Amino acid sequence: MIQTRSSNVRAILVHPKYANSPHPYPPLGLAYVAASAERAGHKVRVVDMGAVRRGTTDDELVDHVRRVRPDVVGIYNNIALYRSVYRLLPKLRPYTRLLVAGGPQATLLPEESIENGFDVAVRGEGDLTFAELLDSLDDGRPLEGILGISYRGRDGAFHNNDFRPDVRDLDALPYPAYHCFDLERYYGGDGSAMPEGRVLTSRDCPAKCTFCYLKAVPSEFRLREPEKVLEEILWLRKTYGTWKIDFADDTFPSTHERIDRLLDLIIEANLGLTWSCTTRIDAVSRPVLEKMKRAGCWFIAFGVESGDDQSLKRLGKKLTTQMAYETLRDAKEIGIHTRANFMFGYPWETPETIDATLNFMRRLEDKVDYFMPQGLFHPLPGTALFNKYREQFDLDQWWMRKESFIRYLDEDEQPYFRRAGYDDYGRTDFFHLSESVIRRIRKGINLIAHHNLGTFRSKPKKWGYVGLYHLSKELYRVDPHLERRAMRALIAAHGKAKGLYGAGRARARAAVEATRGRINAVVRSASRARA
């Protein structure tokens, strides 16, 4: 068991950097954990390595921990972060007493967390558990009595303490501790303003999707009181000048009576608030969307997942493609911007199911502003689909294998256009899909990229970026580092060239072709060097 001593505990909470997506907001989960720890009397600081304006490198984090010498370093971890997380631990080990894991990876695979260098894994919601863990260090108490943690004992055995019950009254929790963050890393200025913020109205999700890790955790759907949510919004407005909100619920429960009341309160308050959310197709109707719009909603992310109705049933989705079409159409007509999430590569995929999804996405192109680019289905540990196909396809610890999908690679291995659409299905084929299916999946990724590049860029410029996107894919298959260098050079060289961006598809292709000779020479040289 970890040796403890009485002390004035100081803790640093860390959110590692996603390789493919910077954080536009302070991570809400860590802000809640920090708030509960502070309320218990402990000193806490949060380091978000992926802050959108200025992140933190590994060396900077290690140097910060070395100077502060906190008693505890708590690190959020999930399946997209494990590479960066596990390599940090030996660097941090000399400068802290306790390395604590949190997040989905710690909850679902606590033993993996301990085996890879953590002292303690916090399972489930960390608000009360982390605060009690700090209390135990202060008081010199052993770890055996702390609910919701896993650790290795003095005897070398792995211990799973009983799971901690959910926080039933979410409104009893303190407001997120945003003052523990360096806000200028997100919003600029003097760091005192937070024009955009995140608010939770609920925890967990009422749906039962077979691919979602939320259903692998023993938790229940809980809602806050509408008046308390509005109070928090007003607190954000008064304290930080916040005028724009992202409701951070896993699924914004749009049709629930409490949310209906919240919308009434926001409309009555006339705050000039704009907000966004993620919700389900079956959780809204046209009247609900109209009311959301009146209350200030400008953007909704919808999980559609497939254009094949039988696949939707297998995924546990309570929707049909017709329902999805009508909802996205209604949102567009009402004036709400939308994102639609699709996935490809389910274990049962056939050319017909993929074609159905591609045809459906084409139907939606003028109804959807943005398609989520990371679309490969990943069997997440603990989910119903993972458990069903675990032995058949040898899924245990697939995320630890060298050939893991590009979403989990380090920043310098990521392709330039990854945020438009860049899944490389040749790297990870979980279910040994046929070549005809894989070809169609790649068509789907190209469809997503072409659509999103038209969203990101003005239409006359779109085809120039599409040409560079396809050239980028060719280079990436040869050498990821070469692709990054070449694409940066091409964007810099041709970013203002009318021949590339101002004259449509034909001239854009010609401009891209003109660069191929120079790049091909570099490609051949790199290939020979690797051989």
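Remember, predicted model here, so these are calculated numbers, not experimental data.
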Q: Give a yes or no on whether the backbone of Ser436 and the side-chain of Arg440 come within a donor-acceptor separation of less than 3.5 Å.
A: yes

(Q) With a 4.0 Å cut-off on N to O distance, would you call Asp246 and Arg198 a salt bridge? (A) yes

Q. Where do Ser306 and Ser311 come nearest, in terms of heavy atoms and distance?
A. OG-CB, 3.5 Å

Q.
Does the plane of the ring in Phe371 sit parallel, tilted or perpendicular to the ring in His451? Use 30° and 60° as the thresholds.
A. tilted

Q. Does the side chain of Asn452 reach to within under 4.5 Å of the side chain of Ile448, using non-hydrogen atoms?
A. yes

Q.
Is the shortest side-chain heavy-atom distance between Pro206 and Arg280 below 4.5 Å?
A. yes

**Q.** Spacing of CG belonging to Asp396 relative to CD belonging to Glu391, to within rounding of 0.5 Å
**A.** 8.5 Å

Q) Salt-bridged, Arg286 to Glu290, with N to O below 4.0 Å? A) yes

Q.
Show, in sequence, the C-alpha distance, side-chain angles and deciding distance for Tyr186 and His23, and conclude whether the ring-ring contact (aromatic ring centres under 6.0 Å, His included) test is met.
A. CA-CA 8 Å; Tyr186 306 91; His23 307 156; 7.8 Å; no

Q.
Can you see whether Tyr86 engages Glu112 through a side-chain donor-acceptor pair at a distance of less than 3.5 angstrom?
A. yes

**Q.** Heavy-atom check, side chain of Glu483 versus side chain of Val478, under 4.5 Å
**A.** no

Q: Spell out, as yes or no, whether a donor-acceptor pair under 3.5 Å connects the side chain of Thr242 to the backbone of Met194.
A: yes

Q. How long is the gap from CZ on Arg237 to CD1 on Ile245, to the nearest 0.5 Å?
A. 8.5 Å

Q. Taking the side chain as C-beta and beyond, is there a heavy-atom pair between Ser219 and Leu214 under 4.5 Å?
A. no

Q: Give a yes or no on whether the backbone of Leu223 and the side-chain of Arg258 come within a donor-acceptor separation of less than 3.5 Å.
A: yes

Q: Kindly give the heavy-atom pair with the smallest separation between Ile438 and Leu433, and that separation in Å.
A: CD1-O, 3.8 Å

(Q) Show, in sequence, the C-alpha distance, side-chain angles and deciding distance for Phe430 and His378, and conclude whether the ring-ring contact (aromatic ring centres under 6.0 Å, His included) test is met. (A) CA-CA 8 Å; Phe430 297 107; His378 284 63; 5.3 Å; yes

Q: Could you tell me whether the side chain of Arg224 and the main chain of Leu200 form a donor-acceptor pair under 3.5 Å?
A: yes

Q. With no hydrogens and no angle check, do the side chains of Thr320 and Asp309 hold a donor and an acceptor under 3.5 Å apart?
A. no

Q | Under 3.5 Å: donor-acceptor pair, side chain of Thr107, backbone of Gly124 | A | yes

Q.
Please determine whether ring-ring contact (aromatic ring centres under 6.0 Å, His included) holds for the pair Tyr76 and His15, giving the CA-CA distance in whole Å, both sets of side-chain angles, and the decisive distance to 0.1 Å.
A. CA-CA 5 Å; Tyr76 175 84; His15 198 302; 4.7 Å; yes

Q. Given side chains that start at C-beta, do those of Ile75 and Pro16 come closer than 4.5 Å, heavy atoms only?
A. yes

Q. Among Asp48, Val46, Val47, Val14, whose side chain to side chain contact (heavy atoms under 4.5 Å, CB included) with Leu30 holds?
A. Val46

Q) Are the side chain of Asp260 and the backbone of His256 linked by a donor-acceptor contact shorter than 3.5 Å? A) no

(Q) Please identify which of these residues, Phe386, Tyr346, Phe344, meets the ring-ring contact (aromatic ring centres under 6.0 Å, His included) condition with Phe377. (A) Tyr346

Q: Kindly indicate whether the side chain of Ile441, heavy atoms from C-beta on, has any atom under 4.5 Å from the side chain of Lys443.
A: no

**Q.** Side-chain (Asp166) to main-chain (Glu220) donor-acceptor, under 3.5 angstrom
**A.** yes

**Q.** Minimum side-chain heavy-atom gap Thr201-Phe252 below 4.5 Å
**A.** yes

Q. Glu349 side chain to Gly345 main-chain N or O, any donor-acceptor pair under 3.5 Å?
A. yes

Q) When rounded to the nearest 0.5 angstrom, what is the spacing between OG in Ser254 and CD1 in Ile259? A) 7.5 Å

Q | Tyr18 and Asn78 side chains, donor-acceptor separation under 3.5 Å | A | yes

Q. Between Arg87 and Asp58, does at least one N-O distance fall below 4.0 Å, as a salt bridge requires?
A. yes

(Q) Nearest 0.5 angstrom please: Thr56 OG1 to Arg185 CZ, how far? (A) 4.0 Å

Q. Does the side chain of Trp348 pick up a donor-acceptor pair with the side chain of Thr353 at under 3.5 Å?
A. no

Q: Output the distance between atom OG1 (Thr357) and atom CZ (Phe342), rounded to the nearest 0.5 Å.
A: 7.0 Å

**Q.** Heavy-atom check, side chain of Asp308 versus side chain of Phe360, under 4.5 Å
**A.** no

Q.
Strictly below 4.0 Å, N to O, side chains only: are Glu125 and Arg203 in salt-bridge contact?
A. yes

Q. Under the 3.5 angstrom rule, does the side chain of Asp249 hit a backbone N or O of Ser202 as a donor-acceptor pair?
A. yes

Q.
Please report the interatomic distance CH2(Trp275) to CZ(Phe247), rounded to the nearest 0.5 Å.
A. 6.0 Å

Q.
Can you classify the ring geometry of His470 versus His450 as parallel (below 30°), tilted (30 to 60°) or perpendicular (above 60°)?
A. perpendicular

Q | Asp366 and Lys332: CA distance, side-chain angles, deciding distance, salt bridge (Lys or Arg N to Asp or Glu O under 4.0 Å) verdict | A | CA-CA 9 Å; Asp366 63 345; Lys332 185 73 170 180; over 6 Å; no

(Q) For the backbone of Arg314 and the side chain of Thr210, can you confirm whether one donor and one acceptor N or O come within less than 3.5 Å of each other? (A) yes

(Q) Is the positively charged end of Arg363 above the ring of Tyr325, judged by distance under 6.0 angstrom from the centroid and angle within 45° of the axis? (A) yes

